[in-house]
Amino acid sequence: MTTITPRRLAVSSLLAAGALLLAGCGSAVAPAATGTDDGREPVSLQNCGRDFVVDEVPDAVVGMHPSQTELLLRLGVADRLVGQAQAAAQALPADVADLAADVPVIGGAMPPSREDLLSVQPDFVYSPTTYEFTAEQGFASIEQLDQAGSAVYVATGGCSDRRMTGEVADLFTDIDNLGAIFDVRAEADQLVSQARADLAVVADAIEDVDRLRVAQVYVEGTTLSAIGAGVEYDILALAGADNVFSPDQPAFADFFAAAITPESLAAEAPDALVFTVYDENHESAVRDYLTSTFPDLPAVREGRLIAVSSADVFPGTLGNVSAVRQIAEGLYPEAF
């Protein structure tokens with residue numbers, strides 16, 4: 001019997017969360033009419049269908065996943081963090097890890113419980129999806145956080161009506177919004193400019209390649225799922241892939257992932273396989289499964305099995321950009 005570890009549960013929850021997400025999407029911020037005690041104009045925005053105003057720069061902030069915590073650190077608001085959640089799911093990049101050394105860790109690999117999150121008295125919470133606020137799972141709901149005086153911001157691509165059509169560019173909306181909320185517009189502009197430049201380098205490199213047919217899958221034990229929509233689909237497209245699975249296929253009409261049989265994947269005969277993993281052991285297990293189950297697949301014969309960190313495909317993370325480069329290099333190494 002397969003043992004289900006907390007980290008494995010954290011990744012599986014991303015696949016299961018779609019039916020639990022709240023409606024709405026992110027949009028750009030706009031200043032409200034009156035000034036605040038900190039000298040900054042109040043910031044009003046829409047996020048996942050909710051209108052709210054951030055009156056002052058938040059000073060008790062929680063990143064609900066390491067990817068969101070990383071972005072907050074790179075925006076220069078480490079001194080405002082009072083909690084980092086799901087820290088056991090992924091290590092922070094080495095160049096920013098020390099900045100969060102004294103930030104309390106809330107929970108383990110899964111979203112924190114209602115009590116744990118409320119205990120740090122946040123006034124602003126940044127999350128990759130609305131799943132982290134599912135009351136039925138024992139998490140603090142957005143309404144409960146609102147009652148406790150905390151604003152909630154969900155990555156644009158993690159809102160339910162955007163989850164199926166999310167794009168890497170949604171990250172830029174999030175960075176712009178956070179730049180306004182925390183009054184760090186210069187830092188936000190720099191991050192966006194660098195990310196756009198990184199994507200442009202990839203686009204130029206692969207402009208003339210003959211595109212390979214690529215299938216993105218997720219493997220847990222011997223359970224095989226295909227990924228055919230959302231930011232994951234856009235990441236592959238920007239990396240120069242001809243996606244085997246796409247949003248216009250019936251299997252992905254309601255959710256970005258769908259269970260498939262080994263026979264159906266074999267019939268597609270993809271030139272490459274991209275799969276997400278949560279640690280080295282998971283990557284090794286998935287490679288073993290793919291090579292033993294599909295020895296005659298072009299992707300296996302040609303050695304085009306590309307592992308990507310599951311954290312890099314979460315909505316609203318800088319990892320979306322680095323994943324584009326990583327996959328493109330794996331598909332077209334001669335172009336770089």
- Message: With heavy-atom distances below 4.5 Å as the criterion, would you say the side chains of Tyr131 and Pro111 are in contact?
- Response: yes
- Is Asp312 paired with Arg325 through a side-chain N to carboxylate O contact shorter than 4.0 Å? no
- Message: Using side-chain heavy atoms (C-beta onward) and a distance below 4.5 Å, is Leu145 in contact with Phe133?
- Response: yes
- Task: Using ring-ring contact (aromatic ring centres under 6.0 Å, His included) as the criterion, list what pairs up with Tyr233, not counting sequence neighbours.
- Result: none
- Query: Which of these passes side-chain contact (heavy atoms from CB on, under 4.5 Å) with Leu273: Leu265, Val214, Ile306?
  - Reply: Leu265
- Message: Between Val308 and Phe336, is there shared hydrophobic-cluster membership here, with clusters defined by ILVMFWY side-chain heavy atoms closer than 4.5 Å?
- Response: yes
- Under 3.5 Å: donor-acceptor pair, side chain of Asp242, backbone of Leu212: no
- Message: Salt bridge or not between Arg74 and Glu187? Use side-chain N to carboxylate O under 4.0 Å.
- Response: no
- Message: Taking side-chain hydrogen bond (donor to acceptor under 3.5 Å, both in side chains) as the definition, give me every residue that meets it alongside Asn320, ordered by chain and number, with sequence neighbours left out.
- Response: none
- Passing candidate, side chain to side chain donor-acceptor pair (under 3.5 Å) with Arg162, options Thr173, Asp170, Thr156: Asp170
- Task: Flag the pair Leu81 / Val62 as yes when at least one side-chain heavy-atom distance between them is below 4.5 Å, and no otherwise.
- Result: no
- Item | ring pair (Phe, Tyr, Trp, His ring centres under 6.0 Å): pairs with one or both residues in residues 162-210, sequence neighbours excluded | Phe124-Phe182
- Message: Quick check on the hydrophobic clustering: are Val209 and Ile327 connected, directly or via other members, by side-chain heavy-atom contacts under 4.5 Å?
- Response: yes
- Close side-chain approach of Arg163 and Val231, heavy atoms under 4.5 Å: yes
- Under 3.5 Å, is there a donor-acceptor pair between the side chain of Thr293 and the main chain of Tyr289? yes
- Phe245 side chain reached by Phe252 side chain, heavy atoms, under 4.5 Å: yes
- Query: In terms of hydrophobic clusters joined by side-chain contacts under 4.5 Å, are Val105 and Met110 together?
  - Reply: no
- Task: Would you mind reporting whether Gln137 and Glu132 have side-chain heavy atoms less than 4.5 Å apart?
- Result: no
- When rounded to the nearest 0.5 angstrom, what is the spacing between CG in Asp95 and CG in Leu73? 9.5 Å
- Message: Looking at Asp51, I'd like to know if its CG atom is crowded, meaning that more than 12 non-hydrogen atoms belonging to other residues, nucleotides or ligands lie closer than 6.0 Å.
- Response: yes
- Query: Heavy atoms, side chains only, cut-off 4.5 Å: are Ile142 and Arg50 in contact?
  - Reply: yes
- Message: So, applying side-chain contact (heavy atoms from CB on, under 4.5 Å) with Ile175, which one of Val184, Leu318, Asp189 is it?
- Response: Leu318
